[in-house]
Chemist: 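What follows is a single structure, and I will ask about it in a moment.
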Amino acid sequence: MLVAGVKLQTVREEYNKSEMLAKENKALILLVQIKQVQRDVFRLIGSDEEVKIPEEEKLIASNNSVLKTFCFRKAYISFMFRSYDDAKEYVSKFYDCHENAWASLM
């Protein structure tokens with residue numbers, strides 16, 4: 001999913017550009033998903049920088065597709081850092097909301 005080393009800085013810069021475009025176009029769902037990836041990139045880099053937007057928690061609670069993405073990202077990063085119990089929990093949550101997400105209805 002993500003690359004390692006120097007390439008993580010490039011990923012960070014590109015997601016910063018994407019964040020600005022999402023804010024300009026008021027694409028809130030896309031902005032939340034960008035922030036989720038940025039959080040993972042910061043963690044892989046080793047930065048303690050916190051990425052948060054006020055609407056994120058409300059959107060995650062109200063939109064199953066966003067919740068599904070959130071659970072997948074949390075499971076992935078937990079697995080990468082060998083926190084297998086957390087990864088198992090988030091995978092379970094992912095499959096719980098998987099059936100109700102709009103992208104899964106096709």
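Count residues from 1 along the sequence.
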Chemist: Begin with the C-alpha distance, continue with both residues' side-chain angles, and end with the deciding distance and a verdict on side-chain contact (heavy atoms from CB on, under 4.5 Å) for Leu30 and Asn25.
Modeler: CA-CA 10 Å; Leu30 181 60; Asn25 295 308; over 6 Å; no

Chemist: Is the positively charged end of Arg43 above the ring of Phe81, judged by distance under 6.0 angstrom from the centroid and angle within 45° of the axis?
Modeler: yes

Chemist: Under the side-chain hydrogen bond (donor to acceptor under 3.5 Å, both in side chains) rule, collect the residues that match up with Gln33, sequence neighbours excluded.
Modeler: Thr69

Chemist: What residue pairs, at least two apart or across chains, pass salt bridge (charged side-chain N to carboxylate O under 4.0 Å, His left out) with a residue in residues 17-30?
Modeler: Glu14-Lys17, Glu19-Lys23, Glu19-Lys35

Chemist: What's the shortest heavy-atom distance between Phe42 and Arg12, and which atoms?
Modeler: CE2-NE, 2.9 Å

Chemist: Hey, what do you get for OG (Ser18) to CD (Glu13), rounding to the nearest 0.5 Å?
Modeler: 12.0 Å

Chemist: Just checking Glu57: does its CD atom have more than 12 heavy atoms from other residues, nucleotides or ligands closer to it than 6.0 angstrom?
Modeler: no

Chemist: For Phe72 and Phe94, take the angle between the two ring planes, folded into 0 to 90°, and tell me which bin it lands in: parallel under 30, tilted 30 to 60, perpendicular over 60.
Modeler: tilted

Chemist: Short question: side chain of Asn63, backbone of Ser65 - any donor-acceptor pair under 3.5 Å?
Modeler: yes

Chemist: Out of curiosity, does Met20 fall in the hydrophobic cluster containing Leu31 (side-chain heavy atoms, cut-off under 4.5 Å, transitive links)?
Modeler: no

Chemist: Does one hydrophobic cluster hold both Phe79 and Leu8, with members joined at side-chain heavy-atom distances below 4.5 Å?
Modeler: no

Chemist: Are any of the side-chain nitrogens in Asp86 or Lys74 under 4.0 Å away from the carboxylate oxygens of its partner?
Modeler: no

Chemist: Are Leu21 and Ile34 in one and the same hydrophobic cluster, where Ile, Leu, Val, Met, Phe, Trp and Tyr link if side-chain heavy atoms are under 4.5 Å apart?
Modeler: no

Chemist: To the nearest 0.5 Å, what is the distance between CD (Glu56) and CG (Leu28)?
Modeler: 9.5 Å

Chemist: How far does CE of Met80 sit from CG of Leu44, to the nearest 0.5 angstrom?
Modeler: 6.0 Å

Chemist: How long is the gap from OH on Tyr84 to OG on Ser78, to the nearest 0.5 Å?
Modeler: 11.0 Å

Chemist: Going by heavy atoms in the side chains, are Asn16 and Gln38 under 4.5 Å from each other?
Modeler: yes

Chemist: Give, for atom CD of Glu89 and atom OG of Ser83, the distance between the pair rounded to the nearest 0.5 Å.
Modeler: 9.0 Å

Chemist: What closest approach, in Å, do Ala75 and Ala87 show between heavy atoms, and which atom pair accounts for it?
Modeler: O-CB, 3.7 Å

Chemist: Test Gln36 against Val66 for side-chain contact (heavy atoms from CB on, under 4.5 Å), laying out the working first.
Modeler: CA-CA 10 Å; Gln36 291 171 358; Val66 176; 4.3 Å; yes

Chemist: Look up atom CG in Leu67 and atom SG in Cys97, then write down how far apart they are to the nearest 0.5 Å.
Modeler: 4.0 Å

